[in-house]
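Before any comments, here is the structure.
When a ligand or atom number is given, it counts from 1 through the structure's own listing order.
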Amino acid sequence: MNSENLYNLAKQYFPGGVNSPVRYYAPYPIFMSRGYGSKIYDVDNKEYIDYCLGFGPLILGHSNDRVKEKMKEAMDRSWLLGTPTEYEINLAKLIRAGIPNLKLMRFTNSGTEATMHVIRVARAFTNKMKIIKVLGGYHGAHDSVLAKAGSGAVSIPSSPGIPEEVTKNTLLVDYNNIAKLEEIINKNKNSIAAMILEPVLGNIGVITPDNDYLAQVREITEKNDILLIFDEVITGFRNRFGSVQDHFKVYADLITLGKIIGGGLPIGAFGGRDDIMKKISPEGNVYEAGTFSGNPLSIIAGTETLSILKEQDYSILNNNVELLTQKISNELNIAINRFGSMYQIFFKTEPVRDYATAMKSDATKFFKFFKLLLKEGIYLPPSQYETNFLSFAHTNKDLEFTSAAMIKAIEMINNDNGSKRQ
Ligand SMILES: Cc1ncc(COP(=O)(O)O)c(C=O)c1O
């Protein structure tokens, strides 16, 4: 069956034919069937160079042999024990080797669960209920982080079905804006438990922090007894073996992880200061649980992935993005944001540095770009407001082909709109 037929069938089972909304694009998404290295293949056997990589976890590319072998060995033993296992300790050791300030941690099944639990423990520890979240930051699909800006300091739910009583405790601030942060803290003195933010935004394209933004955030939160939570579900182990904390030399009280640490299987983790994490049950009384948390397959896939990453030279991966984007950045009417191996192309010319400037980019042009590349056999995440990822499996040939195809697509889009090349 081709993708169109499969989509018509899928619509009979799943709302919109998909199991997560960002996988949909009009008129129907291409159904993929397998992946090896940097390539994925659709149900008609067409090959695509993949820059979505399962929305980020597959930093080693698809179907890595070493990870596969370890998972096969694990399956011969058991894929669910429901008891503590030595495997969990092995993964935790590797994670803490990269991120030493994760004094204690807990594994969950997704990044969403990790941020949900980290917010609970932060509230319990501080005995305060409000949290600060950055506009355009994404922390999963649970109620307290699905909030958008309302009038004044009021946040409103960004989806029907979320009680306003929940989002009224979520205060929104602009990224890269210290004055607004100070204002909101002063208005809510002594009632803010934590500020949660992606140190580098990765769910609105890629947006990097201004020079000392993160250092200032750290200083202000500390001064006001507000816990700082870095959501590193995307950035953890992405651009170095560890956390972006070491890049910016700014350290959070609590951190969430996901994606890469599960090697492509479902996972999340949260952790940090041991005085806070000791509040979690059974050591403390803050409840957190999950039937599948720490399941052997995710843990073993993650452990092998991190063991491989420990031996890798990340500068090769990060330089490859430079290789891919340097020619493209000369094109008209676009802005490219990148951080290590994450990058996004925005259809606009001004710098993109926060939610408001990202929203000014032309999502219609981006969609044309996405479709033109799809035709050429290049698969990007299907939204302007996602991040493109590179893996260690991408070759120079992949990058050269992609760079040429992207330039051609941008020129076509520019010409469509009557703009001339300088
Ligand atoms: C920064 C960030 N936090 C949390 C999440 C939620 O993770 P998950 O999709 O595993 O629930 C995501 C997902 O993309 C994310 O990018």
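Within the 4.0 Å heavy-atom criterion, the part of Asn203 lying near ligand 1 is the side chain and not the backbone. Counting heavy atoms under 4.0 Å from ligand 1, residue Tyr138 touches it through both backbone and side chain. Residue His139 touches ligand 1 through its backbone alone, judged by heavy-atom distances below 4.0 Å.
Per-residue contacts place Ile234 under 4.0 angstrom from the following atoms of ligand 1 (heavy atoms of the residue considered): 16 (O). When each atom of ligand 1 is checked for a heavy atom of Gly140 under 4.0 Å away, the hits are 4 (C), 5 (C), 6 (C). Counting atoms of ligand 1 from 1 in the listed order, those under 4.0 Å from a heavy atom of Ser110 are 10 (O), 11 (O). Near Thr112, with a cut-off below 4.0 Å to any heavy atom, the atoms of ligand 1 are 6 (C), 7 (O), 8 (P), 11 (O).
Remark: ligand 1 and Gly111 share an N or O pair separated by less than 3.5 Å (distance only, no angle test). Inclusion of Asp231 in the set of residues having an N or O under 3.5 Å from an N or O of ligand 1 is warranted. For ligand 1, the polar-atom distance check finds an N/O of Lys259 within less than 3.5 Å of one of the ligand's N/O atoms.
For the side chain to side chain donor-acceptor pair (under 3.5 Å) condition, the pairs that include at least one residue of residues 53-65, sequence neighbours left out, are Asp50-His62. Among residue pairs with one or both ends in residues 65-99, none qualify as ring pair (Phe, Tyr, Trp, His ring centres under 6.0 Å); sequence neighbours excluded.
Heavy atoms of Glu113 come nearer than 4.0 angstrom to ligand 1 in no pair at all.
Side-chain atoms of Glu88 come within 3.5 Å of backbone N or O of Thr85 as a donor-acceptor pair.
For an aromatic pair to be called close, the ring centres must be under 6.0 Å apart, and Tyr51 with Phe389 fails this. Ring to ring, Phe392 and Tyr314 are close: their centroids are under 6.0 angstrom apart. Between Tyr287 and His117, the distance separating the two ring centers is not shorter than 6.0 angstrom.
The residues Arg218 and Asp212 are annotated as not salt-bridged, no charged nitrogen and carboxylate oxygen being separated by less than 4.0 angstrom.
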